[in-house]
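Presented below is the structure to which this report refers.
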Amino acid sequence: MNLRVCGVQIELGGSLVVKGVDLDVATGHVMAIVGPNGSGKTTLLRAIYRSLRPQAGTVLIAHPKEELNVWTLPAREVARRIAVLTQDRVDDFELSVTEVVLTGRTPHKRLLERDSAADHELVAQLLDEVGVGWAAGRYFSSLSGGEKQRVMLAKALAQKPEFLLLDEPTNHLDVSAQCALLNLLRRLAEDQGLTVVTILHDLNLAAAYSDTLVVLDRGRVAAAGRSQDVLTQALLQKVFGVHAHCGLHPETGNFHIALHMRPASSSQPDTHDRPRP
C-alpha cells in the first residue's frame, strides 16, 4: 500500500504555508524531505499524521482496491497504521524507559487491558535495536537528549505501524548514532516493508539513506526523485542559496555534496532567516 498526499494546502496565520503538495510513497520505501527553514516541511508532516487539518487536499492510505482518507478514519485506526516521531517532546515523564515505550502499544489494546508478556518482550527488543536496552529500568527524565530521542523512536515502533513519520530524527544524536538510526530505518523498510517519511536537515544523510528525495521551497515541491537527479548545483543555489559540488565520492561511490565555503550570488532572500512554520 502507498501513502499519498494529494493537493494538500495549508494556511497558517493568514499565510499559505503549504501550496498544493502531491507526494506518493511506496510500501517499504524511505522518502526524505529537505528544504530551507520556513519551507513548510514540518507543517506538511503534521497534516499527514493528522495533527493539522489542511484547508484543501487529502492524505490517503492507498490499497490495491481502496483508498482510505486518514482524516475520516477513527483516530485509533490511524494510530495503528501511522506512528510519528516529532521534535516536540515531554521531558519530565515520571515513568521508566520501559513504561514510556509500552505506551506505544495502546492503540492495539482494549480499554484497561494490561500489558502482556509479549508486549514486554517486544519493548525489550526495540530498546536493544535503537541502542538503549541498558536504560530499560531508568527514569526517562534522567536520560540525555539523544537517549530520549532513541527511546521515543522505540515507542513509535512499538505501535507496529505501516507508516513511520519522523521530523528531523537525527537531532541531538552524534554522528555514530545518526548513522545507526538511519541504518535501522533502512533495514526496517527493506526487511519489514515499513514505509518511512522523514524530514532531514543534512543533505548528505538524506541523499545516502532515501529512495526518494523531496525538496520543498516556499511551500511547494521544487523537485522530487532520486537524490542524484534532484540535488543539482543549480537547485542547491536556487533553493538553499549555496554553491556546491555534486557527484560520486571517489572512495565510497556514493552520491555526495561538497559545499563551497563562500556565499552564492542569488537574487532570492536568505531562506535561512525565514521563520519556521
Side-chain angles (χ1 to χ4, degrees), residues 30 32-33 37 41-42 45-46 48-52 75-76 78-161 163-189 191-192 194 196-202 205-206 209 276:
V30 177
I33 301 175
N37 289 346
K41 303 183 298 295
T42 295
L45 205 69
R46 289 177 64 195
I48 299 174
Y49 65 82
R50 233 175 74 151
S51 172
L52 181 64
R76 186 181 183 86
V78 173
R80 289 175 178 171
R81 295 174 177 271
I82 299 176
V84 60
L85 178 62
T86 70
Q87 295 188 65
D88 303 320
R89 185 181 60 231
V90 178
D91 289 337
D92 58 353
F93 289 144
E94 289 303 321
L95 298 173
S96 72
V97 165
T98 292
E99 290 169 333
V100 169
V101 180
L102 278 169
T103 63
R105 301 298 300 149
T106 301
H108 299 277
K109 294 181 178 298
R110 297 185 300 273
L111 184 65
L112 302 180
E113 182 179 352
R114 297 173 64 87
D115 299 318
S116 67
D119 291 328
H120 282 271
E121 184 178 348
L122 173 63
V123 166
Q125 172 194 329
L126 291 172
L127 287 173
D128 283 338
E129 283 188 347
V130 301
V132 287
W134 55 269
R138 297 269 301 271
Y139 278 112
F140 179 83
S141 59
S142 71
L143 302 184
S144 70
E147 291 161 354
K148 289 174 179 174
Q149 186 86 330
R150 284 181 273 180
V151 171
M152 297 308 287
L153 174 60
K155 174 181 177 292
L157 293 174
Q159 291 176 226
K160 284 294 182 180
F163 307 99
L164 177 62
L165 312 181
L166 308 100
D167 190 355
E168 299 195 17
T170 55
N171 277 1
H172 310 294
L173 301 182
D174 59 31
V175 173
S176 175
Q178 289 178 18
C179 292
L181 182 147
L182 293 171
N183 278 322
L184 172 61
L185 295 180
R186 277 238 57 99
R187 189 169 72 251
L188 291 170
D191 296 347
Q192 299 182 22
L194 181 66
V196 178
V197 179
T198 181
I199 295 171
L200 288 173
H201 177 76
D202 187 303
L205 287 178
Y209 287 97
R276 183 174 185 166

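- With Q178 contributing its side chain and L173 its backbone, the two residues share a donor-acceptor pair below 3.5 Å.
- By the 4.5 Å heavy-atom criterion applied to side chains, L127 and V97 are counted as neighbours.
- For L126 against A154, the heavy-atom pair with the smallest separation is CD1-O, 3.6 Å.
- Looking at L85 and L165, their side chains never come closer than 4.5 Å, going by heavy atoms from C-beta outward.
- By the 6.0 Å contact criterion, NE2 on H108 is enclosed, its count of non-hydrogen atoms from other residues, nucleotides or ligands being greater than 12.
- The shortest distance between side-chain heavy atoms of L184 and R187 falls below 4.5 Å.
- Note that CD of E168 is 6.5 Å distant from OG1 of T42, once rounded to the nearest 0.5 Å.
- Looking only at side-chain heavy atoms (C-beta outward), T170 and L182 come within less than 4.5 Å of each other.
- In this structure, the side chains of F140 and K155 stay at 4.5 Å or more apart for every pair of heavy atoms.
- The two residues L164 and L166 have their closest heavy-atom pair at CG-CD1, 3.7 Å.
- We find the CD-CH2 distance between E147 and W134 to be 4.0 Å, quoted to the nearest 0.5 Å.
- No donor-acceptor pair under 3.5 Å is formed between the side chain of R81 and the backbone N or O of P161.
- Not a single donor-acceptor pair under 3.5 Å links the side chain of D119 to the backbone N or O of D115.
- Between the side chains of N171 and Q149, no donor-acceptor pair of N or O atoms lies under 3.5 Å.
- Nearest heavy-atom pair across L143 and A135 is CD2-CB, 4.1 Å.
- When side chains are defined from C-beta on, P107 counts as touching R80, because their heavy atoms get closer than 4.5 Å.
- E113 places a side-chain N or O within 3.5 Å of a backbone atom of R110 that can act as its donor or acceptor partner.
- In this structure, the side chains of Y209 and L200 stay at 4.5 Å or more apart for every pair of heavy atoms.
- Side chains of L194 and L157 form a contact here, defined as non-hydrogen atoms less than 4.5 Å apart.
- Atom CG in L153 sits 6.0 Å away from atom CG in L185 (nearest 0.5 Å).
- Here the straight-line distance linking atom CZ of R150 with atom CG of L181 works out to 8.5 Å at 0.5 Å rounding.
- Nearest approach of T198 to P169, heavy atoms of both residues: OG1-CD, 3.2 Å.
- A donor-acceptor contact closer than 3.5 angstrom is absent between the side chains of D167 and T86.
- With rounding to the nearest 0.5 angstrom, the NE2 atom of H120 is 11.5 Å from the CZ atom of R105.
- Between the CZ atom in R50 and the CZ atom in R46 there is a gap of 14.0 Å [rounded to 0.5 Å].
- When atom types are taken as modelled, the side chain of S96 and the backbone of G137 share no donor-acceptor pair closer than 3.5 angstrom.
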